[in-house]
A.B. asks: 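There's a structure below that I have some questions on.
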Amino acid sequence: MYSAIEVIQQRRTLRRFTTANISDDDIQRLLTAAMAAPSLMGRKPWHFVVIRDAEVKKRIAEAFRVHPQLAEAPVWIAFLADVSASPAWRMDLSAAVMNTLLQATAMGLGATWIGTVDSKWTPGQVEACRTLYIPEGWELFAFVAVGKPAEQRPPHVLDPYVFSTRVHEGKWGNRRQVPSPQYHSEGGKQ
Amino acid sequence: MRTRKGTQMLRTILARRTHTAFQDTPVPESALNHILSAGMLAPTRFHQRPWHFIILRDAEVKQEIASALRLKPSLAGAPIWIAVVAEEDGPAAWDLDAAAAAQSMLIAATALGLGSAWLMPWLGNPDALGRVEQLLGLPANVHLAMILAVGFPAEELPAHREEEVYESSRVHLEQVRHAPSNAPAC
Ligand SMILES: Cc1cc2nc3c(=O)[nH]c(=O)nc-3n(C[C@H](O)[C@H](O)[C@H](O)COP(=O)(O)O)c2cc1C
Ligand SMILES: Cc1cc2nc3c(=O)[nH]c(=O)nc-3n(C[C@H](O)[C@H](O)[C@H](O)COP(=O)(O)O)c2cc1C
(Lines give C-alpha, C1' and ligand atoms only; values in the text may rest on other atoms or scores of the structure.)
(Ligands and ions follow the chains in the order given, each with its own letter.)
Protein backbone atom coordinates (compact mmCIF):
# COMPACT_ATOMS: atom_id res chain seq x y z
CA MET A 1 0.00 0.00 0.00
CA TYR A 2 3.03 2.18 0.31
CA SER A 3 2.95 3.16 -3.32
CA ALA A 4 0.03 5.47 -2.62
CA ILE A 5 2.64 7.85 -1.22
CA GLU A 6 4.46 7.78 -4.54
CA VAL A 7 1.22 8.42 -6.39
CA ILE A 8 0.52 11.43 -4.17
CA GLN A 9 4.00 12.72 -4.96
CA GLN A 10 3.59 12.19 -8.70
CA ARG A 11 0.13 13.69 -9.12
CA ARG A 12 0.05 16.83 -11.25
CA THR A 13 -2.72 18.64 -13.06
CA LEU A 14 -2.39 17.60 -16.72
CA ARG A 15 -4.20 19.61 -19.37
CA ARG A 16 -3.16 18.01 -22.67
CA PHE A 17 -4.52 14.66 -23.71
CA THR A 18 -4.24 12.23 -26.59
CA THR A 19 -7.38 11.24 -28.47
CA ALA A 20 -7.19 7.69 -27.05
CA ASN A 21 -10.47 6.72 -25.47
CA ILE A 22 -10.95 5.77 -21.85
CA SER A 23 -12.78 2.52 -21.22
CA ASP A 24 -15.98 2.21 -19.21
CA ASP A 25 -14.08 -0.06 -16.84
CA ASP A 26 -11.54 2.71 -16.18
CA ILE A 27 -14.34 5.21 -15.57
CA GLN A 28 -15.96 2.80 -13.15
CA ARG A 29 -12.71 2.52 -11.19
CA LEU A 30 -12.33 6.31 -11.07
CA LEU A 31 -15.88 6.64 -9.77
CA THR A 32 -15.39 3.82 -7.28
CA ALA A 33 -12.50 5.83 -5.88
CA ALA A 34 -14.74 8.92 -5.77
CA MET A 35 -17.52 7.08 -3.94
CA ALA A 36 -15.12 5.61 -1.38
CA ALA A 37 -14.38 9.11 -0.06
CA PRO A 38 -15.45 10.00 3.46
CA SER A 39 -18.55 12.16 3.78
CA LEU A 40 -20.19 13.85 6.73
CA MET A 41 -22.20 11.16 8.56
CA GLY A 42 -21.82 8.97 5.52
CA ARG A 43 -24.41 11.06 3.67
CA LYS A 44 -22.74 10.74 0.25
CA PRO A 45 -24.22 13.81 -1.40
CA TRP A 46 -22.52 13.06 -4.73
CA HIS A 47 -23.81 12.27 -8.20
CA PHE A 48 -21.88 12.03 -11.44
CA VAL A 49 -22.44 12.64 -15.12
CA VAL A 50 -20.01 10.99 -17.52
CA ILE A 51 -19.68 13.13 -20.63
CA ARG A 52 -18.13 11.79 -23.81
CA ASP A 53 -20.04 13.86 -26.38
CA ALA A 54 -17.40 16.10 -28.02
CA GLU A 55 -19.93 18.84 -28.86
CA VAL A 56 -21.14 18.99 -25.28
CA LYS A 57 -17.64 19.17 -23.84
CA LYS A 58 -16.75 21.92 -26.26
CA ARG A 59 -19.85 23.97 -25.52
CA ILE A 60 -19.42 23.69 -21.77
CA ALA A 61 -15.68 24.41 -21.95
CA GLU A 62 -16.39 27.55 -23.98
CA ALA A 63 -19.16 28.69 -21.67
CA PHE A 64 -16.86 28.30 -18.68
CA ARG A 65 -13.95 29.79 -20.63
CA VAL A 66 -11.63 27.00 -19.62
CA HIS A 67 -8.60 26.16 -21.70
CA PRO A 68 -9.85 24.78 -25.09
CA GLN A 69 -7.39 21.90 -24.82
CA LEU A 70 -9.36 20.61 -21.88
CA ALA A 71 -12.35 19.98 -24.13
CA GLU A 72 -10.20 17.48 -26.00
CA ALA A 73 -9.99 15.15 -23.05
CA PRO A 74 -12.06 12.11 -24.11
CA VAL A 75 -14.09 12.15 -20.91
CA TRP A 76 -15.34 14.81 -18.59
CA ILE A 77 -16.95 13.77 -15.34
CA ALA A 78 -19.36 16.25 -13.79
CA PHE A 79 -19.38 16.09 -9.99
CA LEU A 80 -22.80 17.14 -8.74
CA ALA A 81 -23.91 17.66 -5.16
CA ASP A 82 -27.36 17.15 -3.72
CA VAL A 83 -27.08 20.10 -1.37
CA SER A 84 -29.88 18.95 0.91
CA ALA A 85 -28.09 15.66 1.59
CA SER A 86 -25.19 17.15 3.55
CA PRO A 87 -24.32 20.55 4.99
CA ALA A 88 -20.66 19.66 4.32
CA TRP A 89 -21.21 18.88 0.64
CA ARG A 90 -18.38 21.14 -0.51
CA MET A 91 -15.95 19.16 1.65
CA ASP A 92 -17.45 15.78 0.78
CA LEU A 93 -17.24 16.50 -2.94
CA SER A 94 -13.67 17.80 -2.61
CA ALA A 95 -12.64 14.53 -1.02
CA ALA A 96 -14.33 12.60 -3.82
CA VAL A 97 -12.56 14.67 -6.48
CA MET A 98 -9.23 14.19 -4.72
CA ASN A 99 -9.66 10.42 -4.67
CA THR A 100 -10.47 10.49 -8.38
CA LEU A 101 -7.33 12.48 -9.18
CA LEU A 102 -5.14 10.07 -7.22
CA GLN A 103 -6.77 7.04 -8.80
CA ALA A 104 -6.31 8.55 -12.28
CA THR A 105 -2.63 9.24 -11.56
CA ALA A 106 -2.09 5.66 -10.39
CA MET A 107 -3.73 4.37 -13.58
CA GLY A 108 -1.40 6.43 -15.76
CA LEU A 109 -4.17 8.86 -16.71
CA GLY A 110 -4.07 12.62 -16.68
CA ALA A 111 -6.77 14.61 -14.93
CA THR A 112 -7.73 18.22 -14.27
CA TRP A 113 -9.98 19.54 -11.54
CA ILE A 114 -12.12 22.21 -13.14
CA GLY A 115 -13.73 24.16 -10.32
CA THR A 116 -17.23 25.48 -11.08
CA VAL A 117 -18.91 25.76 -7.74
CA ASP A 118 -18.60 29.47 -7.09
CA SER A 119 -20.01 30.64 -10.38
CA LYS A 120 -23.77 30.37 -9.91
CA TRP A 121 -25.71 31.63 -12.94
CA THR A 122 -22.65 32.37 -14.97
CA PRO A 123 -22.89 31.38 -18.68
CA GLY A 124 -21.03 28.17 -17.84
CA GLN A 125 -23.44 27.16 -15.09
CA VAL A 126 -26.48 27.91 -17.23
CA GLU A 127 -25.10 25.98 -20.20
CA ALA A 128 -24.17 23.00 -18.03
CA CYS A 129 -27.49 23.05 -16.21
CA ARG A 130 -29.43 22.95 -19.48
CA THR A 131 -27.24 20.43 -21.19
CA LEU A 132 -26.76 18.04 -18.29
CA TYR A 133 -30.31 18.58 -17.04
CA ILE A 134 -29.20 19.40 -13.50
CA PRO A 135 -32.22 19.29 -11.19
CA GLU A 136 -33.35 21.83 -8.64
CA GLY A 137 -31.35 21.49 -5.44
CA TRP A 138 -28.24 20.06 -7.01
CA GLU A 139 -25.04 22.04 -7.50
CA LEU A 140 -22.50 21.56 -10.23
CA PHE A 141 -19.46 21.22 -8.02
CA ALA A 142 -16.68 20.52 -10.53
CA PHE A 143 -15.69 18.74 -13.67
CA VAL A 144 -12.78 16.38 -13.85
CA ALA A 145 -11.36 16.11 -17.36
CA VAL A 146 -9.66 12.74 -17.89
CA GLY A 147 -7.56 11.27 -20.66
CA LYS A 148 -4.30 9.67 -21.60
CA PRO A 149 -1.71 12.36 -21.00
CA ALA A 150 -0.03 14.04 -23.97
CA GLU A 151 2.30 15.92 -21.67
CA GLN A 152 4.37 15.11 -18.64
CA ARG A 153 4.90 17.38 -15.70
CA PRO A 154 7.56 16.73 -13.10
CA PRO A 155 6.39 16.01 -9.56
CA HIS A 156 6.34 18.93 -7.16
CA VAL A 157 9.40 19.16 -5.01
CA LEU A 158 8.31 20.42 -1.64
CA ASP A 159 10.25 23.48 -0.70
CA PRO A 160 11.62 22.86 2.84
CA TYR A 161 10.87 26.50 3.62
CA VAL A 162 7.21 26.07 2.76
CA PHE A 163 7.20 22.82 4.67
CA SER A 164 8.57 24.39 7.82
CA THR A 165 6.54 27.60 7.72
CA ARG A 166 3.21 25.85 7.22
CA VAL A 167 3.52 23.47 10.14
CA HIS A 168 2.82 24.76 13.64
CA GLU A 169 3.10 22.98 16.99
CA GLY A 170 0.13 23.18 19.33
CA LYS A 171 -0.78 26.74 18.42
CA TRP A 172 -0.65 29.08 15.43
CA GLY A 173 2.83 30.62 15.18
CA ASN A 174 4.72 27.98 17.20
CA ARG A 175 7.39 26.70 14.87
CA ARG A 176 8.02 23.02 14.95
CA GLN A 177 10.80 21.85 17.27
CA VAL A 178 12.04 19.18 14.93
CA PRO A 179 13.05 20.52 11.54
CA SER A 180 12.18 18.18 8.75
CA PRO A 181 15.02 17.64 6.29
CA GLN A 182 14.37 13.90 6.27
CA TYR A 183 10.73 14.03 5.28
CA HIS A 184 11.36 12.22 2.03
CA SER A 185 13.72 9.68 3.49
CA GLU A 186 11.32 6.78 3.04
CA GLY A 187 9.28 5.66 0.13
CA GLY A 188 9.48 7.14 -3.31
CA LYS A 189 11.68 9.75 -4.85
CA GLN A 190 10.72 13.37 -4.33
CA MET B 1 -6.65 -1.16 -18.64
CA ARG B 2 -5.91 -2.54 -15.20
CA THR B 3 -2.46 -1.64 -13.93
CA ARG B 4 -0.82 -2.87 -10.77
CA LYS B 5 -0.42 0.64 -9.45
CA GLY B 6 -4.06 1.39 -10.18
CA THR B 7 -5.15 -1.70 -8.30
CA GLN B 8 -2.94 -0.84 -5.33
CA MET B 9 -4.21 2.73 -5.22
CA LEU B 10 -7.83 1.62 -5.24
CA ARG B 11 -7.06 -0.84 -2.48
CA THR B 12 -5.62 1.96 -0.34
CA ILE B 13 -8.58 4.24 -1.10
CA LEU B 14 -11.00 1.47 -0.10
CA ALA B 15 -8.99 0.67 3.04
CA ARG B 16 -9.41 4.21 4.39
CA ARG B 17 -11.97 4.09 7.16
CA THR B 18 -12.94 6.49 9.90
CA HIS B 19 -11.33 5.24 13.10
CA THR B 20 -12.45 6.42 16.49
CA ALA B 21 -10.20 4.38 18.80
CA PHE B 22 -6.42 4.34 18.76
CA GLN B 23 -3.40 2.71 20.36
CA ASP B 24 -1.09 4.79 22.55
CA THR B 25 1.83 3.94 20.27
CA PRO B 26 3.25 7.25 19.06
CA VAL B 27 3.13 8.13 15.37
CA PRO B 28 6.70 8.15 14.05
CA GLU B 29 7.87 11.61 13.08
CA SER B 30 8.78 10.36 9.59
CA ALA B 31 5.21 9.13 9.07
CA LEU B 32 3.85 12.47 10.25
CA ASN B 33 6.11 14.22 7.77
CA HIS B 34 4.87 12.02 4.95
CA ILE B 35 1.31 12.86 5.89
CA LEU B 36 2.01 16.59 6.03
CA SER B 37 3.81 16.40 2.68
CA ALA B 38 0.80 14.63 1.20
CA GLY B 39 -1.32 17.59 2.32
CA MET B 40 1.02 20.11 0.76
CA LEU B 41 1.22 18.19 -2.52
CA ALA B 42 -2.54 18.32 -3.04
CA PRO B 43 -3.96 20.58 -5.73
CA THR B 44 -5.21 24.04 -4.78
CA ARG B 45 -7.14 26.51 -6.86
CA PHE B 46 -4.68 28.71 -8.79
CA HIS B 47 -1.95 26.94 -6.83
CA GLN B 48 -2.72 29.30 -3.95
CA ARG B 49 -1.82 26.86 -1.21
CA PRO B 50 -3.77 28.66 1.52
CA TRP B 51 -3.32 25.95 4.15
CA HIS B 52 -1.37 25.60 7.36
CA PHE B 53 -1.25 22.59 9.66
CA ILE B 54 -1.26 22.74 13.44
CA ILE B 55 -0.10 19.59 15.22
CA LEU B 56 -1.82 18.86 18.51
CA ARG B 57 -0.16 16.30 20.75
CA ASP B 58 -1.07 17.46 24.24
CA ALA B 59 -3.57 15.00 25.72
CA GLU B 60 -5.27 17.66 27.85
CA VAL B 61 -5.79 20.01 24.94
CA LYS B 62 -7.27 17.22 22.82
CA GLN B 63 -9.53 16.14 25.68
CA GLU B 64 -10.66 19.68 26.28
CA ILE B 65 -11.61 20.17 22.65
CA ALA B 66 -13.19 16.73 22.42
CA SER B 67 -15.43 17.31 25.43
CA ALA B 68 -16.33 20.87 24.41
CA LEU B 69 -17.43 19.53 21.03
CA ARG B 70 -18.98 16.31 22.34
CA LEU B 71 -16.64 14.14 20.33
CA LYS B 72 -16.31 10.50 21.21
CA PRO B 73 -13.73 10.63 24.06
CA SER B 74 -11.61 7.90 22.49
CA LEU B 75 -10.87 10.27 19.60
CA ALA B 76 -8.79 12.34 22.02
CA GLY B 77 -6.68 9.22 22.46
CA ALA B 78 -5.27 9.57 18.97
CA PRO B 79 -1.61 10.50 19.56
CA ILE B 80 -1.80 13.20 16.92
CA TRP B 81 -4.41 15.62 15.78
CA ILE B 82 -3.74 17.77 12.77
CA ALA B 83 -5.81 20.93 12.58
CA VAL B 84 -6.01 21.98 8.95
CA VAL B 85 -6.46 25.73 8.76
CA ALA B 86 -6.50 28.04 5.77
CA GLU B 87 -6.02 31.69 4.98
CA GLU B 88 -8.91 33.34 3.27
CA ASP B 89 -7.69 34.69 -0.03
CA GLY B 90 -10.04 36.16 -2.57
CA PRO B 91 -13.04 34.09 -3.67
CA ALA B 92 -13.69 31.44 -1.09
CA ALA B 93 -12.11 28.20 -2.18
CA TRP B 94 -10.02 27.74 0.93
CA ASP B 95 -12.44 25.10 2.18
CA LEU B 96 -12.03 23.08 -1.02
CA ASP B 97 -8.26 23.41 -0.94
CA ALA B 98 -8.21 22.33 2.71
CA ALA B 99 -10.49 19.38 1.98
CA ALA B 100 -8.33 18.19 -0.91
CA ALA B 101 -5.28 18.38 1.36
CA ALA B 102 -7.15 16.53 4.11
CA GLN B 103 -8.15 13.65 1.84
CA SER B 104 -4.61 13.42 0.51
CA MET B 105 -3.35 13.17 4.10
CA LEU B 106 -5.88 10.48 5.00
CA ILE B 107 -4.79 8.39 2.02
CA ALA B 108 -1.15 8.80 3.02
CA ALA B 109 -1.98 7.81 6.59
CA THR B 110 -3.82 4.72 5.35
CA ALA B 111 -0.86 3.75 3.16
CA LEU B 112 1.38 4.01 6.23
CA GLY B 113 -0.84 1.64 8.21
CA LEU B 114 -2.32 4.40 10.34
CA GLY B 115 -5.95 4.96 11.22
CA SER B 116 -7.55 8.37 10.93
CA ALA B 117 -10.72 10.38 11.26
CA TRP B 118 -11.89 13.58 9.60
CA LEU B 119 -13.60 15.67 12.25
CA MET B 120 -15.81 18.74 11.96
CA PRO B 121 -17.97 18.49 15.07
CA TRP B 122 -18.60 22.24 15.14
CA LEU B 123 -20.85 22.19 12.08
CA GLY B 124 -23.94 24.25 12.75
CA ASN B 125 -22.36 25.62 15.92
CA PRO B 126 -20.30 28.73 15.07
CA ASP B 127 -19.67 29.48 18.75
CA ALA B 128 -17.95 26.15 19.25
CA LEU B 129 -15.91 26.71 16.13
CA GLY B 130 -14.91 30.16 17.38
CA ARG B 131 -13.74 28.74 20.69
CA VAL B 132 -11.51 26.15 19.04
CA GLU B 133 -10.12 28.76 16.66
CA GLN B 134 -9.32 30.94 19.65
CA LEU B 135 -7.63 28.06 21.43
CA LEU B 136 -5.48 27.51 18.36
CA GLY B 137 -4.59 31.21 18.30
CA LEU B 138 -5.76 31.73 14.74
CA PRO B 139 -5.56 35.24 13.27
CA ALA B 140 -8.87 36.66 12.02
CA ASN B 141 -8.28 35.80 8.36
CA VAL B 142 -7.37 32.19 9.10
CA HIS B 143 -10.13 29.59 9.42
CA LEU B 144 -10.22 26.15 10.93
CA ALA B 145 -11.32 23.74 8.21
CA MET B 146 -11.16 20.32 9.89
CA ILE B 147 -9.24 18.30 12.45
CA LEU B 148 -7.69 15.00 11.45
CA ALA B 149 -7.09 12.45 14.21
CA VAL B 150 -4.23 10.09 13.40
CA GLY B 151 -2.78 7.06 15.14
CA PHE B 152 -2.38 3.33 15.01
CA PRO B 153 -5.90 1.91 15.15
CA ALA B 154 -7.06 0.06 18.27
CA GLU B 155 -8.90 -2.32 15.98
CA GLU B 156 -8.72 -3.04 12.29
CA LEU B 157 -11.80 -1.91 10.42
CA PRO B 158 -12.70 -3.83 7.28
CA ALA B 159 -11.96 -2.07 4.01
CA HIS B 160 -14.86 -0.83 1.91
CA ARG B 161 -15.85 -3.31 -0.77
CA GLU B 162 -15.65 -2.19 -4.36
CA GLU B 163 -19.01 -3.70 -5.30
CA GLU B 164 -20.74 -1.93 -2.42
CA VAL B 165 -19.05 1.41 -2.85
CA TYR B 166 -19.84 1.80 -6.54
CA GLU B 167 -23.49 2.79 -6.86
CA SER B 168 -24.55 2.86 -10.48
CA SER B 169 -27.68 4.83 -9.58
CA ARG B 170 -25.43 7.82 -8.91
CA VAL B 171 -23.75 7.63 -12.31
CA HIS B 172 -25.48 9.26 -15.25
CA LEU B 173 -24.45 9.17 -18.88
CA GLU B 174 -24.41 12.49 -20.70
CA GLN B 175 -27.47 13.76 -18.77
CA VAL B 176 -29.08 13.42 -15.38
CA ARG B 177 -31.91 11.01 -16.11
CA HIS B 178 -33.26 9.85 -12.81
CA ALA B 179 -33.18 12.65 -10.29
CA PRO B 180 -35.70 12.96 -7.47
CA SER B 181 -37.18 16.04 -9.08
CA ASN B 182 -37.41 15.84 -12.81
CA ALA B 183 -37.38 19.51 -13.58
CA PRO B 184 -33.99 20.98 -14.27
CA ALA B 185 -33.23 24.08 -12.28
CA CYS B 186 -32.80 26.21 -15.37
C1 LIG C 1 -10.77 23.88 -6.20
C2 LIG C 1 -9.86 23.79 -7.42
C3 LIG C 1 -10.29 24.32 -8.62
C4 LIG C 1 -9.49 24.24 -9.75
N5 LIG C 1 -9.98 24.74 -10.94
C6 LIG C 1 -9.21 24.63 -12.07
C7 LIG C 1 -9.72 25.09 -13.33
O8 LIG C 1 -10.86 25.57 -13.42
N9 LIG C 1 -8.95 24.98 -14.43
C10 LIG C 1 -7.70 24.43 -14.36
O11 LIG C 1 -7.03 24.35 -15.39
N12 LIG C 1 -7.18 23.97 -13.17
C13 LIG C 1 -7.92 24.05 -12.04
N14 LIG C 1 -7.43 23.56 -10.85
C15 LIG C 1 -6.09 22.96 -10.80
C16 LIG C 1 -5.05 23.89 -10.17
O17 LIG C 1 -4.77 24.96 -11.03
C18 LIG C 1 -3.78 23.09 -9.85
O19 LIG C 1 -4.11 22.11 -8.92
C20 LIG C 1 -2.68 23.95 -9.26
O21 LIG C 1 -2.19 24.85 -10.22
C22 LIG C 1 -1.50 23.13 -8.73
O23 LIG C 1 -0.96 22.28 -9.73
P24 LIG C 1 -0.92 20.70 -9.56
O25 LIG C 1 -2.32 20.21 -9.49
O26 LIG C 1 -0.18 20.19 -10.76
O27 LIG C 1 -0.21 20.39 -8.28
C28 LIG C 1 -8.21 23.62 -9.69
C29 LIG C 1 -7.78 23.10 -8.46
C30 LIG C 1 -8.60 23.15 -7.35
C31 LIG C 1 -8.12 22.53 -6.05
C1 LIG D 1 -16.65 16.75 5.98
C2 LIG D 1 -16.65 15.58 6.94
C3 LIG D 1 -16.90 15.78 8.28
C4 LIG D 1 -16.87 14.72 9.19
N5 LIG D 1 -17.07 14.96 10.53
C6 LIG D 1 -17.02 13.92 11.40
C7 LIG D 1 -17.16 14.15 12.81
O8 LIG D 1 -17.30 15.29 13.26
N9 LIG D 1 -17.12 13.07 13.65
C10 LIG D 1 -16.91 11.81 13.18
O11 LIG D 1 -16.88 10.87 13.99
N12 LIG D 1 -16.77 11.56 11.86
C13 LIG D 1 -16.81 12.57 10.95
N14 LIG D 1 -16.62 12.34 9.61
C15 LIG D 1 -16.40 10.96 9.13
C16 LIG D 1 -17.69 10.36 8.52
O17 LIG D 1 -18.63 10.11 9.50
C18 LIG D 1 -17.31 9.09 7.72
O19 LIG D 1 -16.47 9.46 6.68
C20 LIG D 1 -18.51 8.38 7.15
O21 LIG D 1 -19.35 7.91 8.16
C22 LIG D 1 -18.11 7.19 6.22
O23 LIG D 1 -17.31 6.24 6.89
P24 LIG D 1 -15.82 5.90 6.42
O25 LIG D 1 -15.02 7.18 6.56
O26 LIG D 1 -15.35 4.81 7.31
O27 LIG D 1 -15.87 5.50 4.97
C28 LIG D 1 -16.62 13.40 8.70
C29 LIG D 1 -16.36 13.21 7.33
C30 LIG D 1 -16.35 14.29 6.46
C31 LIG D 1 -16.01 14.07 5.01
Side-chain angles (χ1 to χ4, degrees), chain A residues 1-5 7-9 13 26 28-29 31-33 35-38 46-51 53 87-88 90-91 94-95 98-99 101-103 106-108 113 115 118 126 129-130 132-137 156 158 162-163 166-173 178 180 182-183 185-186, chain B residues 1 3 5-6 8-15 18 29-30 33-34 36-38 40-43 45 51-56 58 91-93 95-96 99-100 103-104 107-108 111 118 120 123-124 136-139 160 162 165-167 170-176 179 181 183-186:
Chain A
M1 294 229 260
Y2 214 73
S3 80
I5 303 269
V7 174
I8 288 168
Q9 290 169 0
T13 295
D26 280 355
Q28 180 159 342
R29 301 200 108 198
L31 291 179
T32 305
M35 292 186 236
W46 42 65
H47 297 268
F48 311 89
V49 183
V50 178
I51 307 164
D53 187 318
R90 292 167 62 99
M91 299 261 178
S94 299
M98 189 64 215
N99 270 6
L101 301 181
L102 291 176
Q103 184 61 31
M107 289 161 63
W113 180 337
D118 293 309
V126 172
C129 177
R130 287 199 187 127
L132 307 181
Y133 220 68
I134 299 174
E136 197 77 54
H156 286 299
L158 257 187
V162 170
F163 191 92
R166 300 305 183 88
V167 181
H168 311 242
E169 275 289 345
K171 221 177 163 89
W172 177 269
V178 196
S180 337
Q182 81 288 24
Y183 63 87
S185 61
E186 296 165 29
Chain B
M1 199 181 43
T3 59
K5 242 189 179 169
Q8 274 184 347
M9 187 71 221
L10 194 55
R11 203 178 297 147
T12 307
I13 284 174
L14 291 165
T18 297
E29 226 37 31
S30 66
N33 288 337
H34 271 305
L36 294 167
S37 308
M40 292 188 237
L41 291 169
R45 189 159 73 166
W51 21 242
H52 288 251
F53 306 89
I54 305 178
I55 317 294
L56 302 175
D58 189 289
D95 56 336
L96 311 189
Q103 183 59 16
S104 189
I107 295 297
W118 176 325
M120 288 179 70
L123 271 179
L136 296 173
L138 299 188
H160 287 297
E162 196 171 340
V165 164
Y166 183 83
E167 296 175 82
R170 296 179 181 276
V171 181
H172 307 256
L173 300 180
E174 302 295 339
Q175 277 193 335
V176 178
S181 108
C186 42

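Residue numbers start from 1 in every chain, and the chains themselves are labelled A, B, ... in the order their sequence lines are given, proteins ahead of strands. Keep in mind the model is a prediction, meaning the values are calculated, not measured.
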A.B. asks: State, with a plain yes or no, whether a side-chain heavy atom of B/Q103 is found less than 4.5 Å away from one of A/L101.
C.D. replies: no
A.B. asks: Heavy atoms only: give me the nearest B/L56-A/G170 pair and the separation to one decimal.
C.D. replies: CD2-O, 3.3 Å
A.B. asks: Report which part of B/D58 has an atom under 4.5 Å of a heavy atom belonging to chain A: side chain, backbone, both, or neither.
C.D. replies: neither
A.B. asks: Just verifying a value: how many Å separate B/R170 CZ and A/W46 CH2, rounded to the nearest 0.5 Å?
C.D. replies: 7.5 Å
A.B. asks: Would you confirm whether A/R90, through its side chain, and B/L96, through its main-chain N or O, come within 3.5 Å as a donor-acceptor pair?
C.D. replies: no
A.B. asks: Taking all non-hydrogen atoms of both residues, which atom of B/Q8 and which atom of A/S3 are closest, and how far apart?
C.D. replies: OE1-OG, 2.7 Å
A.B. asks: Which pair of non-hydrogen atoms, one from A/A36 and one from B/I13, has the smallest distance, and what is that distance?
C.D. replies: CB-CG2, 3.7 Å
A.B. asks: B/V176 vs A/H47, test: side chain to side chain contact (heavy atoms under 4.5 Å, CB included). Steps then yes/no.
C.D. replies: CA-CA 9 Å; B/V176 178; A/H47 297 268; over 6 Å; no
A.B. asks: Please rank B/A100, B/P43, B/G137 by heavy-atom pairs under 4.5 Å with chain A and give me the top one.
C.D. replies: B/P43
A.B. asks: Could you grab the distance from atom CG of B/L138 to atom NZ of A/K171, nearest 0.5 Å is fine?
C.D. replies: 9.5 Å
A.B. asks: Testing the basics here: between B/E174 and A/D53, what is the closest heavy-atom pair and its distance to 0.1 Å?
C.D. replies: OE2-N, 3.1 Å
A.B. asks: Pick from A/L31, A/L102, A/V162, A/T32: which one has the most heavy-atom pairs with chain B under 4.5 Å?
C.D. replies: A/T32
A.B. asks: Identify which part of A/D26 has an atom lying under 4.5 Å from any heavy atom of chain B, answering side chain, backbone, both or neither.
C.D. replies: side chain
A.B. asks: Heavy atoms only, distances under 4.5 angstrom: which of A/I51, A/I134, A/N99 has the most pairs with chain B? Name it, please.
C.D. replies: A/N99
A.B. asks: Can you tell me how far CE of B/M9 sits from CZ of A/R29, rounded to the nearest 0.5 angstrom?
C.D. replies: 12.0 Å
A.B. asks: Shortest non-hydrogen contact from B/A111 to A/I5?
C.D. replies: CB-CG1, 4.2 Å
A.B. asks: How close do B/E167 and A/M35 get, heavy atom to heavy atom, and via which atoms?
C.D. replies: N-SD, 3.3 Å
A.B. asks: Check whether any side-chain N or O of A/Q103 sits under 3.5 Å from a backbone N or O of B/G6 as a donor-acceptor pair, and report yes or no.
C.D. replies: yes
A.B. asks: Which atoms of B/L136 come close to chain A, meaning under 4.5 Å heavy atom to heavy atom: side chain ones, backbone ones, both, or neither?
C.D. replies: both
A.B. asks: Determine whether A/Y133 and B/H172 satisfy the following criterion, side chain to side chain contact (heavy atoms under 4.5 Å, CB included), listing intermediate values before the conclusion.
C.D. replies: CA-CA 11 Å; A/Y133 220 68; B/H172 307 256; over 6 Å; no
A.B. asks: Distance check, rounded to the nearest 0.5 Å: B/M120 atom CE versus A/M91 atom CE?
C.D. replies: 4.0 Å
